[in-house]
There are 2 protein chains.
Amino acid sequence: MELSSRKKKILAAVVEEYIRTAEPVGSKAIAATGDLKCSSATIRNELAELVSLGYLEQPHTSAGRVPTPLGYRMYVSELMERQELSPEETAAIDRGLGERLQETGQLMNDAGRLASQMTNYPALTLAARPAATISRFDLIYIDANTFIIVVMLSNDTVQNKLVHLPVSVDQSMIQKLGTLFNAHFTGVSEEEITPTVIHAAERAAEDNLGLTAVIAAFAIEVLSTAQEAQAYLVGESQLLHQPEFRDPDKAHRLMSYLSDGGHLLDLPLSDLGGENEIRVLIGPENVAEELKDSSVVIASYDAGDNMRGLIGVVGPTRMDYSKVAAKLSFIAAGLSRRLGGGSMPPPGLDNKLIIKGEDSNGQTEES
Amino acid sequence: MELSSRKKKILAAVVEEYIRTAEPVGSKAIAATGDLKCSSATIRNELAELVSLGYLEQPHTSAGRVPTPLGYRMYVSELMERQELSPEETAAIDRGLGERLQETGQLMNDAGRLASQMTNYPALTLAARPAATISRFDLIYIDANTFIIVVMLSNDTVQNKLVHLPVSVDQSMIQKLGTLFNAHFTGVSEEEITPTVIHAAERAAEDNLGLTAVIAAFAIEVLSTAQEAQAYLVGESQLLHQPEFRDPDKAHRLMSYLSDGGHLLDLPLSDLGGENEIRVLIGPENVAEELKDSSVVIASYDAGDNMRGLIGVVGPTRMDYSKVAAKLSFIAAGLSRRLGGGSMPPPGLDNKLIIKGEDSNGQTEES
DNA sequence: GTTGGCACTCTTGCCTTACGAGTGCTAATT
DNA sequence: AATTAGCACTCGTAAGGCAAGAGTGCCAAC
């Protein structure tokens, strides 16, 4: 059933006022905004209907109304006006991200910090990496007991390791191993480096010192960490600003859930969504029990090397979705521009964002 | 002035009881412990004296007594009994640290997490690195537009970078540059790589593509990050357990101070202290304003490669110093054993720890 | 020097009361 | 038929007052 235009206006007013004040909002307050040209009595009637439709609820009789998750969902999906960032804000973000190229992990962390600062909510960043293969080995002979393994991956990352040996090797052995590994262990994935294969290589190299095993182990390690998703969380303490987390126990529950980084990966990563698309998960739409009365807003960005990353914030369901979405979107676009390989839309386009959410039965709908 | 033995006993009892309950402790409660064989009236007299000596204070007339920072200092320096960890606890720590060798940053983070879990306070870990020089360059030619720079430092860390060029180079050029850098840029510190030197090298290599500058820039970057202290903080939310942080504003102030990692470096790093030595900074002994009514307990460990690391926890002044010191000491010893180069004392010795603190005028004294 | 006793203080919890915001309903109005 | 004004009612919150309890300081006795 489609809501009447007036109901929509009233619902939007309730949500916005509640977001602003964190207090249940009454009929009078809505009438006072002046957007509606009807009396508080009329609004009372409408409010009563919105309650019975499930969009609003009352903490107790004779209190004002508070949006339900369904109410927020409706607001976010259909009612909310897209916010434009002020020039100061966009400038602050651009400045915050900086221009220097940094190690991806560092940049993600900085971006998270920025997102947290700009929104006053805890922020999370996350980068999933696609499977990679090894494209090249280099073994650098240092001295009889030392050499360096340098491994380059198909996604252009390079890893190295310094190996100290308890025994002596000569340079020719290291060279031979290098050639061998380049011949047999490039283009393979982690699973293909089986003990059998390693053993075969060991014999081929006439290696009785276990060097082959060391190199192979490092190759496996590099491949596995290359695929590992990285997650960062920043600004947990921001939660304490929010009136809904004045109860330290409640705050602690959510914070310890969040800071146990592993859980971040429970997020719906599978469908990362496209550029300029913001996902909003409201209260019970979250799978994790601990997030059932919080909301998560996520933007996705192009992290280069065929990686997609996620940046988002967590807050109470009473969250300033509109502002947060605009800011995250801008930050994500900024990240894409800095990290991404492909051509990006110019910054001016960032505000035309698509907001995508999930309604309570898990389906995806679009505004 | 030396306190009478009975005063010492009473002071210790007050501190311990207060640590346990977080409630001001009265004369009756102390008499009830049975350690003293005198009545509550006598204890009252002694308490009054301890107050006038500055070791205790009363939140208000007719409330029990609470230790002052000076009282804690006395307790930690002279009164506190060294705690022995139970076999379960030592086993838990050993298990927590694991045996696998990991990247240092990762291990520090894990150790911090463990310290936080074991003590129920936020934990910080920190590794200061001594200045290093570059001991070796390797340039790996990939194709006409790509090569890898591998830099090995005097402290045995190795860093690399993949360079994509907008122009073509041939392999001999890369080789020439490698030889040149190994000849002129090894053994030098960050400051010695000046624009003048780079320019000279550029001419010597007949490099008109700016490759010399790229490599030199990377060398500088590696040197500077190698010296950078790393700091991690984990378990902020644990603060919320503590009654003294039930006030969200207070909790937030400290947490945001802590999570802004830079501040960790304000700690008295200069004198890292030796093995098996625990430093305790109580309330106003901390330099940072934000820590004036919190305490910090720090252990130091041998992080290998001539590095010393710090691991510590932050909590209210009403902290279980004895337990925390024992646990941190054991964790630090465990880290030293895993990371350290030198020979370590066997785990059994860990409990004989020395506690070192600073009294209020900043001098260092030893117990 | 130690102890029992006692009056005094001050916080804490609890109860009661008063207030006010907000509702729901009814009857009048457009 | 929708809107509005009016009004009684509900319920949470803040304020005041009261009693209880914990703890002290002091005095006199041991």
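Here is how names work: the chains are called A, B, and so on, in the same order as the sequence lines, proteins then strands, and each is numbered from 1. FYI, side chains are in, hydrogens and waters are out, and symmetry mates aren't considered; it's all heavy atoms of this structure.
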Contact check, side chains of B/M319 and B/V313, non-hydrogen atoms, under 4.5 Å: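 They are in contact (side-chain heavy atoms under 4.5 Å apart), so the answer is yes.
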Separation of [N] [atom2] from [X] [atom1] (nearest whole Å):
X	N	atom1	atom2	result
A/E46	D/dA2	CD	P	10 Å
A/L50	C/dG24	CG	P	12 Å
A/L36	D/dT3	CG	C1'	13 Å
B/K37	C/dT3	NZ	P	10 Å
A/N45	C/dA27	CG	C1'	14 Å
B/R6	C/dT2	CZ	P	4 Å
A/L56	C/dG24	CG	P	11 Å
B/K28	C/dC6	NZ	C1'	13 Å

Protein heavy-atom contacts under 4.0 Å, written 5' to 3' over nucleotides 12-22 of chain D as B (base), S (sugar-phosphate only) or - (none), form the string S----------
[X] side, atom [atom1]; [Y] side, atom [atom2] - distance, nearest 0.5 Å:
X	Y	atom1	atom2	value
A/M74	A/K8	CE	NZ	6.5 Å
B/D247	A/R246	CG	CZ	7.0 Å
B/E244	B/S294	CD	OG	8.5 Å
B/K327	B/E89	NZ	CD	4.5 Å

Counting only side-chain N and O atoms of [X], is one of them less than 4.0 Å from OP1 or OP2 of [N]?
X	N	answer
B/T42	C/dT2	no
A/S27	C/dT23	yes
A/Q58	C/dA21	no
B/R44	D/dC27	no

Quick one, B/Y72 with B/R318, criterion side-chain contact (heavy atoms from CB on, under 4.5 Å). Give me CA distance, side-chain angles, the key distance, then yes/no. CA-CA 8 Å; B/Y72 284 119; B/R318 183 192 62 80; 3.4 Å; yes
Pair of N/O donor and acceptor under 3.5 Å linking D/dG25 base with B/R65 side chain: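 A donor-acceptor contact between them is absent.
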Consider only side-chain N and O atoms of B/E289 and B/Y257, and report whether a donor and an acceptor are under 3.5 Å apart.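 There is no such pair between these side chains.
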Residue A/A41, side-chain heavy atoms: nucleotide from D/dT24, C/dT2, D/dT4 that is nearest: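 Of the options given, the side chain of A/A41 lies nearest D/dT4.
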